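Nothing here was measured: the structure is a model prediction, and the numbers come from that model. Read the numbers this way: they start at 1 and go in the same order the structure lists the ligands and their atoms.
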Amino acid sequence: MSTNLISPHTLGGEPARASYLPYGRQSVDDSDIEAVVEVLRSEWLTTGPKVAEFEEAFAARVNAAYAVSFSSGTAALHAAAFAAGLKAGDEAITTPLTFAATANCILYQGATPVFADVSRDTLNLAPEQIERRISAKTRAILPVDYAGHPADLEAILEIAQRHGLTVIEDACHALGAEYHGERVGSIADMTVFSFHPVKHITTGEGGMVTTNRSSLAETLRRFRNHGISSEARQRQAADDWRYEMVLLGFNYRLPDIACALGMEQLKRLDANLARRREIAAHYTSAFREMPAVIPPAVRPEADPAWHLYPIRLDLERLTADREQIFRALRAENIGVSVHYIPVHYHPYYRDRFGSRAGEFPVAEGAYGRLISLPMFHGMTGQDVEDVIGAITKVLLCFTRGESSCQPGDS
Ligand SMILES: Cc1ncc(COP(=O)(O)O)c(C=O)c1O
């Protein structure tokens, strides 16, 4: 990730920074390392005391009654789709502007993902578009808290209640976000989190489902353990060798080694969130002076967790398209990215469902303008200034009627 990318230098002159700044990066400190080493020296490497400890602390942090850990956010989504009872013949509604895993978990259960377009401001699933896509086969809605901004949960839960649907909130971007003063993780039927290294806390790979319903928590626990109704440690404590497999599950367990890391990381969640919010505020205030940049919208009821900071380019004001701006920023050693290629554009979805461009104008229109700027809690003040400096340099160059440079010269 730390390669130096001073290659063909689009705008000429010195790049905004000498070394490559990625869009996301984990922070691991000595207390994390010590906690992992302690587990490595202990009796239990997997599904020991650290799993319950991490789950309880996590549930308390998001104000949920139960938290069930998984080997990844994707495994957690699969389990939630199973616990919601999704099966062949069913449909579930989700957003096209997400990572493929959100829609894939519907397919894992043999059900069909039905996409609905997003709102213009937040790029989150639009409630009126959900209504349009509901059929007699709909069983669930999977909103995504895009970039860490909570979805329109009040309206979505109301629709779900009216139609008897389960809401699985994909909050892989939104650990620590709040909605109407309530914590994400305590609001939907099930809420799914990811602990991938670019997220707010990491366990290497890992995920969690939170819920307030004990029956769902029990199904989730069984699903991640082959469908077995007890855990090895419980059997050891009870001096019993018998176990019963009661449903078809998987091995989706998050080991004690990872849970020990998660426990330490969780202690720093508030500090990580505070830093991300500070960086977002800094970016937003800098971009107020740049009309070609549309910063991410924040609704009054939301306190986002800022997993990403995706800007939209006002292409009408620019002489370049997103691809050229992206290349120019990369040449400045700024590790920008794009979130997301709409899921229905992927060849698998196109081939299987015959999906085509033009079906979801808001999501597709946004996709052509989106660029995610570096956003992680370990960013220094200088990193943030470098990003703002590079954006200023590149956009000044490509602003219609005001171009201050000769792209390609060096
Ligand atoms: C919106 C969304 N959903 C699901 C996932 C899958 O999580 P994981 O990488 O932990 O499997 C991600 C991961 O990046 C994500 O961004």
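Looking only at heavy atoms of the protein, atom 12 (C) of ligand 1 is closest to Phe99 CD2, 3.7 Å. Annotation: atom 6 (C) of ligand 1 to nearest protein heavy atom, Thr74 OG1, 3.4 Å. Nearest protein heavy-atom neighbour of atom 14 (O) of ligand 1: Lys199 NZ, 2.7 Å. Looking only at protein heavy atoms, the nearest one to atom 16 (O) of ligand 1 is His173 NE2, 2.9 Å.
Side-chain atoms of Thr112 and Glu91 include no donor-acceptor pair closer than 3.5 Å. Under the 3.5 Å distance criterion, with hydrogens and angles disregarded, a donor-acceptor pair is assigned to the side chains of Tyr349 and Asn104.
The distance between the ring centers of His78 and Tyr252 falls below 6.0 angstrom. In this structure, Phe353 has its ring center no closer than 6.0 Å to that of His344. Ring centers of Phe195 and His200: at least 6.0 Å apart, outside the cut-off.
For ligand 1, the atoms closer than 4.0 angstrom to any heavy atom of Thr102 are 3 (N). Close contacts between ligand 1 and Gly206 involve ligand atoms 10 (O) [criterion: under 4.0 Å to a heavy atom]. For ligand 1, the atoms closer than 4.0 angstrom to any heavy atom of Leu77 are 4 (C). Atoms of ligand 1 lying under 4.0 Å from at least one heavy atom of Ser72, given by number and element, are 10 (O), 11 (O).
Residue contacts with ligand 1 include Tyr340, since one of its heavy atoms falls under 4.0 Å from the ligand. Look at Ala75 and you'll find every heavy atom at least 4.0 Å from all atoms of ligand 1.
At a 3.5 angstrom cut-off on N or O pairs, Gly73 counts as close to ligand 1.
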Pair Phe58-Phe193, ring pair (Phe, Tyr, Trp, His ring centres under 6.0 Å): steps then yes or no: CA-CA 11 Å; Phe58 192 92; Phe193 299 92; 5.1 Å; yes
Audit row: Asp152, Arg299, salt bridge (Lys or Arg N to Asp or Glu O under 4.0 Å) steps and yes/no: CA-CA 10 Å; Asp152 218 334; Arg299 292 202 181 165; 3.1 Å; yes
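Heavy-atom proximity to atom 3 (N) of ligand 1, evaluated over Thr98, Asp170, Leu142, is greatest for Asp170.
Here Phe70 contributes atom CZ and Arg253 contributes atom CZ; the two are 12.0 Å apart, rounded to the nearest 0.5 Å.
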